[in-house]
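Below is one structure, written out as structure tokens; the observations come after it.
Lettering follows sequence order; numbering is per chain, from 1.
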There are 2 protein chains.
Amino acid sequence: MKGEDKKTNRKEDVRKLILDAAKKLFVEEGYQSTSMRKIASEIGYSPTAIYLYYKDKGDVVYELHQEGFSLLKTYLMPLATVEAPFERLKALGRTYLNFAKEHPDFYEVMFMMKEPMVHLDNNPTNEMWEGGKEMFGFIIATIAECQQQGYFSKDNPQYIALQAWGLVHGLCSLYITTRLDKVGMENISELSADALLENAYKSFVSFVESSKNSKR
Amino acid sequence: MKGEDKKTNRKEDVRKLILDAAKKLFVEEGYQSTSMRKIASEIGYSPTAIYLYYKDKGDVVYELHQEGFSLLKTYLMPLATVEAPFERLKALGRTYLNFAKEHPDFYEVMFMMKEPMVHLDNNPTNEMWEGGKEMFGFIIATIAECQQQGYFSKDNPQYIALQAWGLVHGLCSLYITTRLDKVGMENISELSADALLENAYKSFVSFVESSKNSKR
DNA sequence: AAATTTAACTTAACAGTGTTAAGTAAATGA
DNA sequence: TCATTTACTTAACACTGTTAAGTTAAATTT
């Protein structure tokens, strides 16, 4: 069995070598200019060598997408210690926004690009976008706790969670695609994208806060 | 002057010919497989002929993006007749969602892709994402009217409009990138993406409705 | 009417992309 | 030692956007 282990270990090592090179190019030069050939030359391999370890480019992009979710987890971990559910929810939104701003490339591959989802469809394994579902589940659970404290309506927490996620994701994706800049400028107030993002989020939080115990 | 006019008319005609071919491929085969070569062969030209009428691919994609905003306008025009501002706002959200579902490719190029924004940055004309700003302005104006009727807080309408846009855009982009499918399945309730979208939007509307005159 | 210029294209080519098939050299097993 | 597997590389295909140079016909000028 030792030989077997050694073999799979070796295989895993090279996979990691390739993935790390891909990640490096990805964060330094962006997705657009991360080609199979560049990844290969980064580790001194020929382009086709990658195909011995990954099925195709979609496969390595999917792994990158998974790396992104690992990174997001390290951002969200500390939130588990926040006792008050609404405080936790606010921090969740903040952290999500920060993650998107600090790692726009990862955010893109995780939440904006079609490729990783297509890869999931083509590889009908039992895992169905685990990372995304886990994060969404965290929002749902937190919302449900908030409801018990009088926040939001008594609606299905899934729907409310989707509103929250949709809003924050919407802001992040408009920010990343520079559309927040474009609507902010020349608008008398002359607000920067960052200021718009900040103010919109704050305004949303206080809107939810103010509607506590309205109970529809 | 007649010669001049004839010349520019001819030039405009061919530009339209190219753009229509691009649009056809765009809606029938999607952005991914709309290449300069396919556009050219669609109208019986050689690939390089396009470059006599458009600077580069980004240029024709930008025009496609403009076509999208023309189309969106035809969707939004009828809303001007809705007197009650909150009714108009609800209809605006609905219409926006419908547009995204009926024309996902146009929606992508208008609100999700980076290319058209890069094109704007590289062509420093006086127009700064006119279509986007006009639509966002429509939301702001409607929100402002809603505020006068006791809806929302007395916050800057720009911030509230951005929340609304962010939420609806977030839902649309999660829908288009099939992420709503992925989080909806296997979730006991087993909701389809369409049902999730629908319920989240309805829940949001009734949340805003219920908080009327809370006045923070 | 003839010569020249300009307009509207095409052909060939470059540099890049993802990907497959075939070939090679070294390590391993019998 | 010989055969086989492992781990790669080289060459090639079919694309992509794009540029430079060449062609052909129409318009303009002389």
Side-chain angles (χ1 to χ4, degrees), chain A residues 1-22 25-26 28-65 109 113-116 118-119 122-123, chain B residues 1-19 21-22 25-26 29-65 109 113-116 118-119 122-123:
Chain A
M1 283 292 159
K2 207 184 144 213
E4 269 293 304
D5 283 5
K6 215 170 172 181
K7 200 167 67 182
T8 59
N9 273 345
R10 162 87 178 131
K11 197 131 194 167
E12 277 306 314
D13 285 355
V14 180
R15 272 179 72 96
K16 190 166 188 318
L17 190 71
I18 295 169
L19 194 64
D20 284 348
L25 284 168
F26 190 71
E28 283 179 6
E29 324 235 9
Y31 170 75
Q32 283 281 15
S33 64
T34 302
S35 70
M36 296 300 255
R37 284 173 158 87
K38 281 187 191 169
I39 295 170
S41 92
E42 186 77 24
I43 53 174
Y45 279 24
S46 88
T48 56
I50 300 175
Y51 291 85
L52 301 168
Y53 299 91
Y54 291 94
K55 191 177 138 282
D56 53 22
K57 194 187 181 184
D59 200 2
V60 6
V61 169
Y62 178 76
E63 290 295 288
L64 241 30
H65 149 280
V109 80
M113 283 172 45
K114 284 180 171 177
E115 263 113 320
V118 173
H119 182 268
N122 291 343
N123 295 58
Chain B
M1 284 292 159
K2 206 183 143 212
E4 269 294 306
D5 281 8
K6 215 171 172 181
K7 201 168 64 182
T8 58
N9 272 345
R10 162 86 177 130
K11 196 130 194 168
E12 278 306 313
D13 285 355
V14 180
R15 272 180 71 96
K16 192 169 188 316
L17 189 71
I18 295 169
L19 194 64
L25 284 169
F26 190 72
E29 324 236 9
Y31 170 76
Q32 283 281 14
S33 62
T34 302
S35 70
M36 296 300 253
R37 286 174 157 87
K38 280 187 190 169
I39 295 170
S41 91
E42 185 78 24
I43 53 174
Y45 279 24
S46 86
T48 57
I50 300 175
Y51 291 85
L52 301 169
Y53 300 91
Y54 290 94
K55 190 178 138 283
D56 54 21
K57 195 187 180 184
D59 201 2
V60 6
V61 169
Y62 178 75
E63 290 294 290
L64 241 30
H65 149 279
V109 80
M113 282 171 46
K114 283 180 171 178
E115 263 112 319
V118 174
H119 182 269
N122 292 342
N123 295 58

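With sequence neighbours excluded, the residues forming a side-chain contact (heavy atoms from CB on, under 4.5 Å) with A:Arg37 are A:Ser35, A:Pro47, listed by chain and number. For A:Glu42, the salt bridge (Lys or Arg N to Asp or Glu O under 4.0 Å) test picks out A:Lys24, with sequence neighbours left out. Residues meeting the salt bridge (Lys or Arg N to Asp or Glu O under 4.0 Å) test with A:Lys55, sequence neighbours left out: none. Listed by chain and number, the residues in a ring-ring contact (aromatic ring centres under 6.0 Å, His included) with B:Tyr45 amount to none (sequence neighbours excluded). Applying the salt bridge (Lys or Arg N to Asp or Glu O under 4.0 Å) rule to A:Asp20 yields the partners A:Lys16; only residues at least two apart in sequence or on another chain are considered. Scored by the ring-ring contact (aromatic ring centres under 6.0 Å, His included) test, B:Tyr53 finds no partners at all (sequence neighbours excluded). Every salt bridge (Lys or Arg N to Asp or Glu O under 4.0 Å) that A:Glu63 has, sequence neighbours left out, goes to A:Arg15.
With B:Lys57 contributing its side chain and B:Met36 its backbone, the two residues share no donor-acceptor pair below 3.5 Å.
Regarding B:Ile50, its CD1 atom lies at a distance of 16 Å from the P atom of C:dA8, rounded to whole Å. When rounded to the nearest whole Å, the span between CD1 of B:Ile43 and C1' of C:dA8 equals 13 Å. To the nearest angstrom, P of D:dT5 lies 15 Å from NZ of A:Lys11. One atom, CG of A:Leu17, and another, P of D:dA7, lie 14 Å apart when rounded to the nearest Å. Rounded to whole angstrom, the span from the CG atom of B:Leu52 across to the P atom of D:dA21 amounts to 15 Å. Taking atom OH of residue A:Tyr45 and atom P of nucleotide D:dT9, one finds them 7 Å apart after rounding to whole Å. Per the geometry, CD belonging to B:Gln32 stands 13 Å off C1' belonging to C:dT17, to the nearest Å. Atoms CZ (B:Arg15) and C1' (C:dA8) sit 16 Å apart, rounded to a whole Å.
Note that the CD atom of A:Glu29 and the NZ atom of A:Lys38 stand 5.5 Å from one another [nearest 0.5 Å].
In terms of polar N and O atoms assigned as donor or acceptor, the side chain of A:Thr48 never comes within less than 3.5 Å of the base of C:dT19 in a complementary pairing.
Residues of residues 35-42 of chain B having a heavy atom closer than 4.0 Å to DNA chain D, listed by number: B:Ser35, B:Met36, B:Arg37. For the contact set between residues 53-62 of chain A and DNA chain C, defined by any heavy atom under 4.0 Å, the members are A:Asp56, A:Lys57.
For C:dC9, the OP1/OP2 oxygens have a side-chain nitrogen or oxygen of B:Arg10 closer than 4.0 Å.
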